[in-house]
Asks: 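Provided herewith is a single structure, encoded as structure tokens, for subsequent inquiry.
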Amino acid sequence: MRTERPELAKTYDPDEVEPRLYARSLAAHVFHEDPDPARPPFIISMPPPNITGRAHLGHASTYTTMDVETRYHRMLGENADWLPGQDHAAIATETVLIRELAKEGLTRDGLGREAFIARAWEWRELYGNSINESFQRLGFGPDWDRERFTLDPGLSAAVIKVFVALYRDGLVYRGTRLINWDPQQLSTLSDAEVESVEVDTFLWHIRYRAEDGGDGVVIATTRPETFLADVAVAVHPDDERYRDLIGKNVILPLIDRAIPVIADEAVESGFGTGAVKVTPAHDQTDYEIGQRHSLPMPTVIDYEGRIAAPIWRYENAAENRGAIDAQAQKMTKYVGLDRFEARKQIVADLRAAGALVKEEPYHTSVPTSSRSHAVIEPLLSLQWFVSMEPLAKPALEAYRSGAIRFVPERFGRTYEAGLETLRDWNISRQVWWGHQLPVWYTPSDDVVVAESEEEARKIAREQYGTDDLRRDPDTLDTWFSSGLWPFSILGWPEQTPELAHWYPNQVMITGREIIFLWVSRMVMLGLRFVGKIPFETVFIAPLVFDIHGRKMSKSLGNAIDPMEDLVPKYGADGTRFGMLRQMRLESQELHFDERFCDEARRFANKLWNALRYTVALEEGLPGAAVLPPADKLTLADRWILTELHRTVETVEKAYDGFRFGVATDALLQFGWYTFCDWYLEATKAPSQRETRAAVLSFVLNAFVRAMHPIAPFVTEEIWLTLPHDGATIVTASWPDLAEIPSFPDDAAAFDAVVKKVDELRNARAEWAIPPKDWMKVEVPASLAGESGVVEAIATLARAEIATYDGGNGALRDRIGAVRAVADTAKLRDRYQRDVARLESEVARSEKKLANEGFVAKASADVVAGERAKLDEYRRELARTRDALADLTPA
RNA sequence: GGGCGGCUAGCUCAGUGGGAGAGCGCUACAUUGACACUGUAGAGGUCACAAGUUCAAUCCUUGUGCCGCCCACCA
């Protein structure tokens, strides 16, 4: 295909090009693939963003790596597909919806479940696509024809099937446990969604007097309000101070209830007073102590986070219940108070009663919801759980056997550590937007779990003689459905061709903060239900912070919105290239610096102008991928082809190893400096005329293909303008190293030209020769035969060439002997400095080689290298001394 | 408490067991057949600190300091 010489804009305009080319790709469905067992699969399941989400910088960077990998593997000819989808994000979406409804004066409960869900779906239709629009503007090319949603009928069926199967296998169970309760969201949260936030508070020291009238004990607590539900005081069994108290009773102040002093190993004598109040229904450690000692477990905080008369939840141990219930009338003044309000009141009352011994300022952390940021209340509650141990074991084994590989490797240890310490997973949520539990109860609370209501009735009739059922209103944790993602997205439980060829996926890319939350669950559930690991490689992309390493946040005012702040300024290409440039494999943080995006934007313009130069050559361009015969290629041609070969090789390895910083470094270095600053300038020498059009076109064509996965638009625009084969660069082939000739010796000779030109430019600056003047340069007569070399030097250094008698040896030596002509004093000065510099280099090198230890112990390569270096210095020194001698008046 | 990452030029970061690098910023010059979203040149660094291993350490080991993150039931 031969391209007409078009009119090309002087400046590359991403705003015009990018949407146009994206629409073209979309219309042609170039990102779509079907399973093709004849080709190796390369599948990435896109971590489904929340439908409420906006594309933030973390998405932009992480998802760009997925796009790069998919595009690269597609160009390699693999059956590559990137599977997109969205997550219903139960709690997050419900929160947003409730807020929206409030603007209309409506409430969730007022609407009722059915109407609320209907509104949620409407809302999703309206706004759920905005993140996809951002992704498209960023140039992401997942297989949009295969987009899925976690609440799709197919995925919902998978969720129900898994829940029921796990229940029947005894891995899903219902029980009363201490759970994380968010009093603001009015729902439970999994451990993984709870984060610690540091706060300044107090450690209150409170005296519980002994029942027999003694001083009793002083306990230290950060949560005095929960003392209403205390059922014991615990001390360490070996603590001498309290030995006599163990087994005796102390009296809770204000409410005058007697509780025992018990001994438990969990207590650390060194902390606080060495005595701990035990409140099993409001603290994890206390709960475990309570279990060990069969203590009653009253709750005194309700679901709204208010103080309540003792509540007994389900099968709580209830010995001594009478005494606890009897306290209700003594705590009426606190009932209904918010927990933090109650804390103030109780502290004041304890102080008034003389029970408050000390208030010690104290820095600690409190659990908060990673969603609502409300302080989590540990509460005893009847919920649904998944037993983790039987699932975790095979998932650990898959990692330890090497079936799953982490990049960087060290994150494998994070995964391992997480799986070793998993507690059972609380999966029931008290929200409506989600997969409702396939669980029904009979009037007498018998539990029926089934895939459908029909099946549930049948079971109920057979087992319990009733079909009067009510369904559990709770829904499943969002992560339950996302845990199935890599296979549910492929159609599981149906045995689809996609599942057959594309599972396991080759790569999963995500952030380190969800290694336990998500990655481990996909592995556990994939192994259990498909019988195979879900993916072979997990690439953990760095987390994005601001330029000074601070978390990006609206309140700090340092958040960068890629769609608002970057794409309009730098284009999608500039944004992508600039982000990837900062991604270094071993670094777990990316301190985002916008300057890299600006550099990338200018780089795109630079390449664009190299294209303009190329297509404007009067001799015209040959067809795609046509090189002149090797014997016609000039030294400069051989050099640029060799450099191209090396660059493609480097970029290939970089993409293979997720080293995006290395790939962008190599592309930038080659494209801007090697290609534009040196080769393209060299083609302005007359001797390059015969071959330059073909070589420029060939190099640009291969180069933009190597860069395409990172910067899809500018590369496509350039590729389409050049002679090319095929309809779009998206489906073009990866540059074949075998077809890029490499001439290492000639390339080294041209390196000498580069070095010489640098030296001449340097001399020009030093001698203040105006750039518009041609500087005078003499080349040894023996180099005159190499007209291409002489002209290249003349063009690049803007020099007028004369010859002098002399010069011999290898081409590189003859190039080295090229010299600038200036007035004698200036030249002498320069040569003298060169001699001094070279003498010191020679001395350093000689000293090193004279070191017996070095010669004896260093590797042969290094010693030989050092000798070669010394040799080179000596020759250069000799050359410079000769030149200096020539100048010295006789 | 455990684990991980970082500390290199004013800023942001590469890099290597053997001659300290880039971009931006700064200074000076320049409009040379594409590009001023450009080119050329220059200034600028005891590679956090200490000890060790080594013929040789910015790089490896250990320790210290500072910054950041993750995990953990010290109330």
Side-chain angles (χ1 to χ4, degrees), chain A residues 8 10-12 178 195-196 203 219-223 226 234 266-268 270-279 283-289 362 364 378 408 410-411 413-414 417-418 421 512-513 515-516 542-543 545 547-551 570 574 581-582 584 586-596 598-599 601-618 661-662 665 668-669 673 676-677 680-681 683-684 758 761-766 768 770-772 774 795 797-798 841 844-845 848 851-859 862-863 865-866 869 873:
Chain A
L8 301 180
K10 192 167 171 179
T11 302
Y12 177 71
L178 201 68
E195 57 189 34
S196 302
L203 198 54
I219 56 92
T221 182
T222 53
R223 301 209 55 196
T226 64
V267 180
E268 282 200 30
F271 184 85
T273 61
V276 193
K277 65 195 272 304
V278 179
T279 324
D283 181 275
Q284 185 63 39
T285 310
D286 292 5
Y287 176 71
E288 285 159 18
I289 293 175
Y362 188 56
T364 185
R410 63 191 142 84
F411 290 113
R413 294 196 292 278
T414 305
T421 59
R512 68 178 194 275
E513 77 280 12
I515 291 176
F516 319 109
L543 296 179
F545 295 84
I547 194 167
H548 299 299
R550 297 169 306 180
K551 229 167 199 157
Y570 311 115
R581 189 98 200 289
Q582 300 173 68
R584 299 295 160 170
E586 292 300 332
S587 177
Q588 57 193 19
E589 290 181 13
L590 190 166
H591 296 180
F592 185 78
D593 185 346
E594 215 172 309
R595 289 175 297 188
F596 288 105
D598 190 55
E599 176 186 52
R601 175 187 61 92
R602 290 181 292 111
F603 179 38
N605 190 59
K606 189 79 180 169
L607 291 173
W608 176 249
N609 276 287
L611 170 77
R612 290 182 67 220
Y613 171 84
T614 301
V615 300
L617 290 174
E618 55 212 21
V662 171
D665 282 352
L668 187 77
Q669 184 65 39
Y673 302 101
C676 288
D677 287 350
L680 190 146
E681 288 303 322
T683 65
K684 293 172 183 173
D758 267 338
R761 283 172 176 170
N762 177 290
R764 174 196 283 277
E766 202 171 289
K772 62 176 183 291
W774 290 71
T795 304
R798 201 169 167 72
E841 291 290 1
R844 188 193 54 75
S845 193
K848 196 167 188 178
N851 180 340
E852 282 175 29
F854 174 69
V855 179
K857 296 189 180 173
S859 81
V862 170
V863 176
E866 191 61 39
K869 222 154 47 179
Y873 285 136

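Keep in mind that this is a model prediction, so the values were computed, not measured. Convention: sequence-line order gives letters A, B, ...; per-chain numbering from 1.
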Asks: What distance, rounded to whole Å, do you find between the two C1' atoms, one in B:G10 and one in B:G44?
Replies: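 After rounding to an integer number of Å, I get 9 Å for this pair.
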
Asks: For the pair made of CZ in A:Phe592 and P in B:C24, what is the distance, rounded to whole Å?
Replies: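 Those two atoms, CZ and P, are 16 Å apart.
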
Asks: Would you please confirm or rule out a distance under 4.0 Å between OP1 or OP2 of B:C4 and any side-chain N or O of A:Arg413?
Replies: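 False: A:Arg413 side-chain N/O out of range (4.0 Å or more) of B:C4 OP1/OP2.
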
Asks: Between the protein and nucleotides 41-47 of chain B, list every N/O to N/O distance that falls short of 3.5 Å.
Replies:
unit_1 : atom_1 : unit_2   : atom_2 : d
B:A41  : OP1    : A:Asp758 : OD1    : 3.3
B:G42  : OP1    : A:Asn762 : ND2    : 3.0

Asks: What's the gap between B:A57 and B:G17 when it is taken at their P atoms, as a whole Å value?
Replies: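 My reading of the P atoms in B:A57 and B:G17 gives 14 Å.
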
Asks: Applying a 4.0 Å non-hydrogen cut-off, can you work out what A:Leu680 is touching in the nucleic acid: base, sugar-phosphate, or nothing?
Replies: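 Base, at least one base heavy atom under 4.0 Å.
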
Asks: What distance, rounded to whole Å, do you find between the two C1' atoms, one in B:G3 and one in B:A41?
Replies: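 These two C1' atoms come out 49 Å apart once rounded.
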
Asks: Rounded off to whole Å, could you give me the CZ-to-P distance for the A:Arg612 and B:C37 pair?
Replies: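 Atom CZ in A:Arg612 sits about 13 Å away from atom P in B:C37.
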
Asks: Do we see a donor-acceptor contact under 3.5 Å between the side chains of A:Ser845 and A:Glu866?
Replies: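 On atom types as modelled, these side chains qualify, holding a pair under 3.5 Å.
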
Asks: Look at the side-chain N and O atoms of A:Tyr673 and state whether any lies under 4.0 Å from the OP1 or OP2 oxygen of B:A22.
Replies: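 Indeed not, no polar side-chain atom of A:Tyr673 lies that close.
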
Asks: Counting side-chain heavy atoms from C-beta on, which of B:A34, B:A14, B:U31 comes nearest to A:Lys684?
Replies: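 Closest nucleotide among those given: B:A34.
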
Asks: Should A:Arg602 and A:Glu599 count as an ion pair when the cut-off is N to O under 4.0 Å?
Replies: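 No, A:Arg602 and A:Glu599 are not salt-bridged.
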
Asks: If you round to the nearest 0.5 Å, how far is CD of A:Gln588 from CD of A:Glu513?
Replies: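 These two atoms lie 11.5 Å from each other.
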
Asks: Categorize A:Asp286 for me: base, sugar-phosphate, or nothing, with a 4.0 angstrom heavy-atom threshold over every strand shown.
Replies: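 The answer is nothing, as A:Asp286 stays clear of every strand by at least 4.0 Å.
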
Asks: Any chance you could measure A:Lys277, atom NZ, to A:Arg223, atom CZ, to the nearest 0.5 Å?
Replies: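 So the gap between those two atoms works out to 8.0 Å.
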
Asks: On a whole-Å scale, what distance lies between the P atoms belonging to B:U16 and B:C69?
Replies: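 So the two P atoms sit 28 Å from each other.
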
Asks: Going 5' to 3' along nucleotides 68-75 of chain B, which nucleotides have protein heavy atoms under 4.0 Å from the base (write B), which only from the sugar-phosphate (write S), and which from neither (write -)?
Replies: BSSS-BBB

Asks: Ignoring hydrogens and geometry, is there a side-chain-to-backbone donor-acceptor pair from A:Arg798 to A:Arg761 under 3.5 Å?
Replies: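 Between the backbone of A:Arg761 and the side chain of A:Arg798 there is no qualifying donor-acceptor contact (under 3.5 Å).
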
Asks: Between B:A34 and A:Glu681, counting only base atoms on the nucleotide and side-chain atoms on the residue, is there a donor-acceptor pair under 3.5 Å?
Replies: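 By the distance-only test, yes, there is a pair.
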
Asks: For the pair A:Phe545 and A:His591, name the ring-plane relationship: parallel under 30°, tilted 30 to 60°, perpendicular over 60°.
Replies: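 Geometry flag for A:His591 against A:Phe545: perpendicular rings.
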
Asks: Under 4.0 Å between a side-chain N or O of A:Arg602 and OP1 or OP2 of B:C24?
Replies: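 Indeed, a polar side-chain atom of A:Arg602 lies that close.
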
Asks: When the distance from CG of A:Leu8 to P of B:G33 is rounded to whole Å, what number comes out?
Replies: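 Value for this atom pair: 19 Å.
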
Asks: Let me spell it out: for each of A:Phe596 and A:Phe411, pick the nucleotide of RNA chain B with the closest heavy atom. Which residue's pick is nearer the 5' end?
Replies: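 It is A:Phe411, whose closest nucleotide lies nearer the 5' terminus.
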
Asks: Roughly, in whole Å, what's the span from CZ in A:Phe854 to P in B:G17?
Replies: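 Spelled out: CZ on A:Phe854 to P on B:G17 is 15 Å.
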
Asks: Between A:Asn609 and A:Asn605 (side chain of the first, backbone of the second, donor and acceptor by atom type, cut-off under 3.5 Å), is there such a pair?
Replies: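 Yes.
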
Asks: Please state whether the base of B:C35 and the side chain of A:Lys10 form at least one donor-acceptor pair under 3.5 Å?
Replies: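 It does not, because no donor-acceptor pair links the side chain of A:Lys10 to the base of B:C35 below 3.5 Å.
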
Asks: Considering only heavy atoms and no angle criterion, is a donor-acceptor pair shorter than 3.5 Å present between the side chain of A:Arg601 and the base of B:C37?
Replies: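 Indeed, a donor on one side and an acceptor on the other fall under 3.5 Å apart.
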
Asks: Taking donor-acceptor contacts at under 3.5 Å, does the side chain of A:Arg595 reach the base of B:C11?
Replies: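 Yes.
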
Asks: Please measure how far the C1' atom in B:A36 lies from the corresponding atom in B:C13, and state the result in whole Å.
Replies: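 Going atom to atom, C1' in each nucleotide, I get 26 Å.
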
Asks: Counting side-chain heavy atoms from C-beta on, which of B:A34, B:U31, B:G23 comes nearest to A:Glu599?
Replies: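 The answer is B:G23, which lies nearest to the side chain.
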
Asks: Is there a donor-acceptor pair closer than 3.5 Å between any side-chain N or O of A:Asp593 and the backbone N or O of A:Ile547?
Replies: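 No.
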
Asks: For RNA chain B, report each stem as range with range, ordered by first number, or say none. Use Watson-Crick or G-U wobble pairs under 3.5 Å, at least 3 in a row.
Replies: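 Stem list for RNA chain B: B:1-7 with B:65-71, B:10-13 with B:21-24, B:26-30 with B:38-42, B:48-52 with B:60-64.
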
Asks: State whether A:Asp598 and A:Arg601 are salt-bridged, where the test is any N-O pair (Lys NZ or Arg NE/NH1/NH2 against Asp/Glu carboxylate O) under 4.0 Å.
Replies: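 Salt bridge: yes.
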
Asks: Any side-chain heavy atom of A:Phe516 sitting closer than 4.5 Å to one from A:Thr414?
Replies: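 The answer is yes; the side chains approach within 4.5 Å.
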
Asks: Here's a test of your reading of the structure: between A:Leu590 and A:Lys772, which maps to the more 5' nucleotide of RNA chain B?
Replies: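 Nearest nucleotide further toward 5': that of A:Leu590.
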
Asks: Which value, rounded to the nearest 0.5 Å, describes the distance between A:Gln582 atom CD and A:Leu590 atom CG?
Replies: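 Reported value, rounded in 0.5 Å steps: 5.0 Å.
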
Asks: To the nearest Å, how far apart are A:Glu866 CD and B:C55 P?
Replies: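 Going from A:Glu866 (CD) to B:C55 (P), I get 17 Å.
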
Asks: What is the minimum heavy-atom distance between A:Thr273 and A:Ile219, and which atoms define it?
Replies: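 That would be OG1-CA, 3.6 Å.
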
Asks: Take atom CZ of A:Arg584 and atom C1' of B:G21, then tell me their distance rounded to the nearest Å.
Replies: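 Going from CZ in A:Arg584 over to C1' in B:G21 covers 12 Å.
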
Asks: What's the gap between B:A22 and B:G6 when it is taken at their P atoms, as a whole Å value?
Replies: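 Taking atom P in both B:A22 and B:G6, they lie 23 Å apart.
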
Asks: Any side-chain heavy atom of A:Ile515 sitting closer than 4.5 Å to one from A:Arg512?
Replies: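 When only atoms from C-beta onward are counted, A:Arg512 and A:Ile515 do touch, with a gap below 4.5 Å.
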
Asks: Do A:Asp665 and A:Arg584 sit within salt-bridge range, that is, some charged N less than 4.0 Å from a carboxylate O?
Replies: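 Salt bridge between A:Asp665 and A:Arg584, a charged N being under 4.0 Å from a carboxylate O: yes.
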
Asks: Work out how far the C1' atom of B:C7 is from that of B:U58, and round it to whole angstrom.
Replies: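 After rounding to an integer number of Å, I get 12 Å for this pair.
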
Asks: A:Phe603 has an atom CZ; how far is it from atom P of B:A22, in whole Å?
Replies: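 One finds 17 Å between P of B:A22 and CZ of A:Phe603, rounded.
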
Asks: Can you check whether A:Lys606 has a side-chain N or O nearer than 4.0 Å to OP1 or OP2 of B:G39?
Replies: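 For B:G39, OP1 or OP2 has a side-chain N or O of A:Lys606 closer than 4.0 Å.
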
Asks: Taking NZ from A:Lys848 and P from B:A56, how many angstroms apart are they, rounded to a whole number?
Replies: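 Atom-to-atom, A:Lys848 to B:A56, this comes out as 12 Å.
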
Asks: Between B:G23 and B:G39, how far apart are the two P atoms, rounded to whole Å?
Replies: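 10 Å, rounded to whole Å.
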
